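Here the structure is laid out as structure tokens; the discussion comes afterwards.
Both backbone and side-chain heavy atoms feed into the values below; hydrogens, waters and symmetry mates do not. As the structure is a prediction and not an experimental result, all values here were calculated from the model. Lettering of chains follows the sequences in order, A, B, ..., and the numbering in each one begins at 1.
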Protein chains: 2
Amino acid sequence: MSDTTVRVEVLSSVFQVRDLAGSEPVLQVLLTRSGDEWSLPGGPIVERETLGSAAVRWLGTRAGLTRVAHLEQLSVFSDPDRVPDERTVASTFLGLVPSDIAAETVSDADWFAVDQLPPLAYDHRDIVDLARHRLAGKLSYTNIAFALAPSQFPMSELAEIYGAALGYAVDSTNLLRVLSRRGVVVATGTVGRTGGKGGRPPALFAFADSRLRVTDEFAALRPPM
Amino acid sequence: MSDTTVRVEVLSSVFQVRDLAGSEPVLQVLLTRSGDEWSLPGGPIVERETLGSAAVRWLGTRAGLTRVAHLEQLSVFSDPDRVPDERTVASTFLGLVPSDIAAETVSDADWFAVDQLPPLAYDHRDIVDLARHRLAGKLSYTNIAFALAPSQFPMSELAEIYGAALGYAVDSTNLLRVLSRRGVVVATGTVGRTGGKGGRPPALFAFADSRLRVTDEFAALRPPM
DNA sequence: GCAAAAGTGTTCGGAATACACCCATGA
DNA sequence: TCATGGGTGTATTCCGAACACTTTTGC
């Protein structure tokens, strides 16, 4: 059998929930400019690195981003014609950045609201859509929001983060009940400062784990007992 | 940037629920012999094919298997030292074969119960474990069992298939309720033959779709309405 | 006191499991 | 008619959503 080799690149959809001037915070994705177009940050892998370390490396060099709280594999895109030139297989990643990190970017990188994306290169739009869908799914049955939230937060802020990522409003009261029953969030005992327009100061919460954990593996067909 | 190319292979964990002499049916996985060891079927990709078509091609040539009812991507395994020799990135797949198909194999391929696997080459054992876990998860919130079941079946047989794949007993009564509420299975109106030891003849059911469909996307945090 | 935001309690409905009981067939 | 398996109905339990009501702060 012939030892066919192909070009392998990594591409990352990195999300952050960011304040948009004068309105609710929205889910944004990090893009890099290449000529006229915008692309997902990434590039080819080198000899002795895994795909994951390649993704991290490219996020640092292409976009100036170093603090990714979570990174996981998505599908591989392998259509022979997905990019013109050389046959290139793309291994894609989902990355998340906490909302309180000032994710400074280099000059050729910027954040875009996921509902107002510019035209993207090649199949990168499909990759962003896949990543959004994966994120929405995992918010429901894992603790993945730890990677979108600050280390401490009032529940109303966490509800806004969920709302931005899911695309619909989430009730903070019930969110607390669901997440604390599952042991995902715990009260810190500390109290935050009241907001700009008055109101009762909020209790601060934190995620129990800072690594991905499945919290509701079986929606149906649970094992006995 | 240098145009690094690497060797890309596909590896498939193909499962079938098969009768084991004189006992309950069990989940088995298809392996190929390479020298003394057993491996997952697969190999390098060629110029103009996707990873999926490469996986199908290798299943045919290495294992004589042509009728895979479902095939989906799992993770990419990219540790630089995962195989000695040349640096090889493995894109892995989960495949499923209906239980009533006589999945004939070539001489260097055979089926093994997942709980009694022989020593496997390289990291192939990790890949099988990942595939089992993915299958178990998807049985709970998708219709993926269509690819493990015959085209028509009594519910007791489907419960055995679920039981073999999940590793614990599943009640056929409640399985029918869950799957019919979700529109996953429908009654065919036909009736099967009674078993060897007498008993009432069973109604036959079928899956409504023969493509993967998510049936319970959000375990929690459902959208309003 | 009043507005604003946080927190508590209650009710409701949906969905999955467990289990008792009835039905249809072969010997 | 009896054993064997299939099918139906009911009760229980759990969990998440909705919403009203109370509490605590700033002005």
Using whole Å, report how far [atom1] of [X] lies from [atom2] of [N].
X	N	atom1	atom2	answer
Leu175(B)	dA16(C)	CG	P	11 Å
Leu176(A)	dA6(C)	CG	P	12 Å
Tyr168(A)	dA18(D)	OH	P	10 Å
Tyr141(B)	dA16(C)	OH	P	16 Å
Leu166(B)	dA16(C)	CG	P	15 Å
Leu158(A)	dG7(C)	CG	P	12 Å
Phe218(A)	dC15(D)	CZ	P	16 Å

Record whether the side chain of Arg177(B) comes under 3.5 Å of the base of dG9(D) through a donor-acceptor pair of N or O atoms.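 Flag set: donor-acceptor pair detected.
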So, under a plain 3.5 Å distance rule, would you say the side chain of Asn174(A) forms a donor-acceptor pair with the base of dA18(D)?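 Answer is yes: a donor-acceptor pair is held.
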Counting only side-chain N and O atoms of [X], is one of them less than 4.0 Å from OP1 or OP2 of [N]?
X	N	result
Arg181(A)	dC15(D)	yes
Arg200(B)	dA3(D)	no
Ser156(B)	dG6(D)	yes

In terms of the nearest nucleotide of DNA chain C, which residue is placed more toward the 5' end: Arg182(B) or Met155(A)?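 The residue whose closest nucleotide sits nearer the 5' end is Met155(A).
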Please state whether the rings of Phe153(A) and Phe207(A) are parallel, tilted or perpendicular, taking 30° and 60° as the class boundaries.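 It falls in the tilted class, 30° to 60°.
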Is there a side-chain contact between Phe112(B) and Val128(B) (heavy atoms, below 4.5 Å)?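 The answer is no, as the side chains (C-beta and beyond) never meet within the 4.5 Å cut-off.
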Give one of base, sugar-phosphate or nothing for Leu221(B), where a contact means two heavy atoms less than 4.0 Å apart.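 The residue Leu221(B) makes sugar-phosphate contact but no base contact.
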When all nucleic acid strands are considered with a 4.0 Å heavy-atom cut-off, which category describes Thr173(A): base, sugar-phosphate, or nothing?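 If one applies the 4.0 Å heavy-atom cut-off, Thr173(A) turns out to touch a base.
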Pairing of Asp115(B) and Arg132(B) as salt bridge, 4.0 angstrom limit: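 Yes, charged N to carboxylate O under 4.0 Å.
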